[in-house]
Amino acid sequence: MHTDAIAWSPAGGVRLLDQTLLPAAVRYLEIDGIDRMVEAIRMLRVRGAPLIGIAAAMGLAAAAEQRAAAAGSSGQGRAAEAEQAGLTAGWLRAAAAQLAAARPTAVNLSWAVERMRRVGEAALQSGERPAAVAARLRAEAQAIWDEDAAMCAAIGRAGVELVPAGATILTHCNTGQLATGGIGTAFGVILAAHREGKGIDVVADETRPLRQGGRLTAWELARAGIPARVIVDGAAGALMARGEVDLVITGADRIAANGDAANKIGTYALAVLARAHDIPFYVAAPWSTFDLTLASGDAIPIEQRAAEEILDSAAGVRGYNPAFDVTPAELITGIVTDRGVLRPPYAAAIAAAAA
Ligand code: MRU
């Protein structure tokens, strides 16, 4: 099932639902060209680790198609046509690098863009015409999207067994259809539990400062008919202390080889609170979120965002706005993936799942 957060535009580019306007307005943007896609990703018009990877891949394919269409077929030979179209390995590498640099923490972005670059360069090296290269790029972007939808469905199936009947589930940020190519990651588990008739209740953290929980998860929960309450981030500990939370489940933007998981700022605090109150803390993520090149979460780059996002007034005070934090593996009860639920010790579990 594909979401309406993203679509191929009939006009030739990519159509994005502008998530900065939700839930007040449902407005679509026509994204044409690499610069505009980079801006949309940076400004969180499109967001969520898997979805920014999909969006970047589609943006790259659409830009290649436009180059190929503008050049047409000159009859001068394939290499000359590619040069004329500007659909060269140099362009591909520069566009891929620009997209990958749009946001640093979610590895899904660089993973998807790198996959696209490899496919495009292979097609160019084998002497394919610009239109054929562009067609391969579109097929690859579609495959990245379709695979993510399938991974989300698998995460939902794997995670549902972790949810006791009647559970109150606390979640953070937004991990649903607005963040992925399918039903979501943590949200996918919540949706699967709801659809199985487990009678769950959801507590959605507002998720300061951009309120992905209060605006986006609340919108998705309401649309799915799932009983839910929004809380301010600072209320989570009090609810746990009163026994009002049965489990916590969040998404992730990058998971290191030892199981340390980066996710939206505030996730680490939830994990510490969950441990203090003896509540299970789960992370849900597709395989594309694992970065096995990093031994631990210490090496995960943390996006620093503008102070203006959190300051009411710039006068006399500086802002400090890290957008993500890292939850150490020892605080994570289980990692729900499309390859099953991984349990500690994570280095071994992740290596086995990768094999
Ligand atoms: O800054 P955002 O809104 O892109 O952050 C998103 C998150 O932190 C999500 O929890 C994460 O990407 C997992 S999405 C399935």
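First listed ligand is number 1; within each ligand, the first listed atom is number 1. Index from 1, following the sequence. Hydrogens, waters and symmetry mates are skipped; everything else that's a heavy atom, side chains included, is used. The structure presented is a predicted model; accordingly, all values stated were derived computationally and were not measured.
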Test item: side-chain donor near acceptor, Q98 and D35, under 3.5 Å: yes

Pairing of D260 and R254 as salt bridge, 4.0 angstrom limit: no

Which N or O atoms of ligand 1 sit under 3.5 Å from a protein N or O, and how far apart is each pair?
from     : atom 1 : to   : atom 2 : distance (Å)
ligand 1 : 1 (O)  : R103 : NH1    : 3.4
ligand 1 : 1 (O)  : R103 : NH2    : 2.8
ligand 1 : 1 (O)  : K264 : NZ     : 2.8
ligand 1 : 3 (O)  : R47  : NE     : 2.5
ligand 1 : 3 (O)  : R47  : NH2    : 3.3
ligand 1 : 3 (O)  : Q212 : NE2    : 2.9
ligand 1 : 4 (O)  : G48  : N      : 3.0
ligand 1 : 4 (O)  : R103 : NH1    : 2.8
ligand 1 : 8 (O)  : D253 : OD1    : 3.0
ligand 1 : 8 (O)  : N263 : OD1    : 3.2
ligand 1 : 8 (O)  : K264 : N      : 3.3
ligand 1 : 10 (O) : N263 : OD1    : 2.7
ligand 1 : 12 (O) : A49  : N      : 2.9
ligand 1 : 12 (O) : D253 : OD1    : 3.0
ligand 1 : 12 (O) : D253 : OD2    : 3.2

message: Restricting to ring-ring contact (aromatic ring centres under 6.0 Å, His included), what partner residues turn up for W219, sequence neighbours left out?
response: none

message: Here's one to test your reading of the geometry: is the NZ or CZ of R138 within 45 degrees of the ring axis of W8 and under 6.0 Å from its centre?
response: yes

statement: Residue set satisfying side chain to side chain donor-acceptor pair (under 3.5 Å) with R136, at least two apart, ordered chain then number -> E128

message: Run the side chain to side chain contact (heavy atoms under 4.5 Å, CB included) test against C152 and tell me which residues pass, sequence neighbours left out.
response: D148, T180, I183

